[in-house]
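Computed from a prediction, not measured in an experiment: that's the story for all the values here.
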Amino acid sequence: MRDKIARVRLTQDEHEQLSKLADENDLTLSEYIRRSALKRKTKITTEFEKALYFEINRIGNNLNQIAKYVNTNKKLDKFVLKSLVSIERELKELLK
């Protein structure tokens, strides 16, 4: 049973940031602050992180397909080189 109150003073900006993080993680502000303060795992996954994970996963799938193609055909042709250059370009764009 939670029967103790801990008061914390925040600036307007701090309150907005914490509220946004709590919302993004489907937590109440209190639960988010408790988990953060007690070092419990919080999922903290922003829309940007979700999109980034999706893109990295897609690139990984492409690399797996290329590796399978090279292993099956035992050669590194123009198709493979073009694909690798494309993946390199995508990774550089994600790192910007």
Side-chain angles (χ1 to χ4, degrees):
M1 175 170 75
R2 292 192 175 101
D3 59 348
K4 302 293 181 194
I5 297 173
R7 294 182 186 199
V8 178
R9 292 193 179 273
L10 304 169
T11 65
Q12 181 66 33
D13 186 52
E14 290 168 336
H15 187 271
E16 288 171 6
Q17 286 178 43
L18 288 171
S19 294
K20 182 179 177 187
L21 287 168
D23 287 344
E24 288 173 355
N25 289 283
D26 298 321
L27 298 171
T28 64
L29 180 58
S30 295
E31 183 63 23
Y32 181 80
I33 291 171
R34 263 193 305 278
R35 287 184 183 198
S36 297
L38 297 172
K39 304 271 192 250
R40 292 186 188 151
K41 186 176 180 182
T42 54
K43 49 183 179 176
I44 306 180
T45 305
T46 63
E47 289 304 313
F48 172 77
E49 289 170 324
K50 288 178 187 177
L52 184 62
Y53 294 146
F54 176 81
E55 287 300 318
I56 290 171
N57 186 52
R58 189 179 61 75
I59 291 168
N61 287 338
N62 289 347
L63 285 172
N64 285 337
Q65 290 172 356
I66 291 168
K68 182 178 178 182
Y69 176 86
V70 170
N71 286 330
T72 300
N73 297 304
K74 305 294 184 210
K75 64 180 178 178
L76 194 63
D77 59 22
K78 288 181 183 178
F79 167 76
V80 173
L81 293 175
K82 278 182 160 178
S83 297
L84 291 172
V85 168
S86 174
I87 289 172
E88 179 185 28
R89 204 175 303 122
E90 290 178 39
L91 287 171
K92 284 181 179 178
E93 187 63 31
L94 286 174
L95 293 173
K96 284 183 181 179

**Message:** Please evaluate residues Lys92 and Glu88 with respect to the criterion salt bridge (charged side-chain N to carboxylate O under 4.0 Å, His left out), reporting the C-alpha separation (whole Å), side-chain torsions for both, the decisive distance (0.1 Å), and the verdict.
**Reply:** CA-CA 6 Å; Lys92 284 181 179 178; Glu88 179 185 28; 3.6 Å; yes
**Complete:** Applying side chain to side chain donor-acceptor pair (under 3.5 Å) to Asn57 and not counting sequence neighbours gives none
**Complete:** Hits for side chain to side chain contact (heavy atoms under 4.5 Å, CB included) against Glu55, two or more places apart or cross-chain, chain-then-number order -> Arg58, Leu94
**Prompt:** For Phe79, which residues count as a side chain to side chain contact (heavy atoms under 4.5 Å, CB included) partner, sequence neighbours excluded?
**Reply:** Tyr69, Asp77, Ser83
**Fill in**
d(Ile87 CD1, Asn62 CG) to nearest 0.5 Å is 5.0 Å
**Prompt:** Are Glu31 and Arg35 close enough for a salt bridge, meaning some N to O gap below 4.0 Å?
**Reply:** yes
Side chains of residues 5-16: which donor-acceptor partners sit under 3.5 Å, not counting sequence neighbours?
unit_1: Thr11; atom_1: OG1; unit_2: Glu14; atom_2: N; d: 3.0
unit_1: Thr11; atom_1: OG1; unit_2: Glu14; atom_2: OE1; d: 3.4
unit_1: Gln12; atom_1: NE2; unit_2: Glu16; atom_2: OE2; d: 3.0
unit_1: Asp13; atom_1: OD2; unit_2: Gln17; atom_2: NE2; d: 2.6
unit_1: Glu14; atom_1: OE1; unit_2: Thr11; atom_2: N; d: 2.8

**Item:** Note, Leu63 side chain near Leu84 side chain (heavy atom, < 4.5 Å)
**Value:** yes
**Message:** Strictly distance-based, threshold 3.5 Å: is any side-chain N or O of Ser36 a donor or acceptor partner for the main-chain N or O of Tyr32?
**Reply:** yes
**Prompt:** Is any side-chain heavy atom of Ser30 less than 4.5 Å from a side-chain heavy atom of Arg34?
**Reply:** yes
**Prompt:** Could you state the interatomic distance from CG (Leu21) to CG (Leu27), rounded to the nearest 0.5 Å?
**Reply:** 10.0 Å
**Request:** Could you tell me whether a side-chain N or O of Lys74 sits under 3.5 Å from a main-chain N or O of Asn71, the two making a donor and an acceptor?
**Result:** yes
**Message:** Once salt bridge (Lys or Arg N to Asp or Glu O under 4.0 Å) is applied, do any residues pair with Lys68, and if so which ones, sequence neighbours excluded?
**Reply:** none
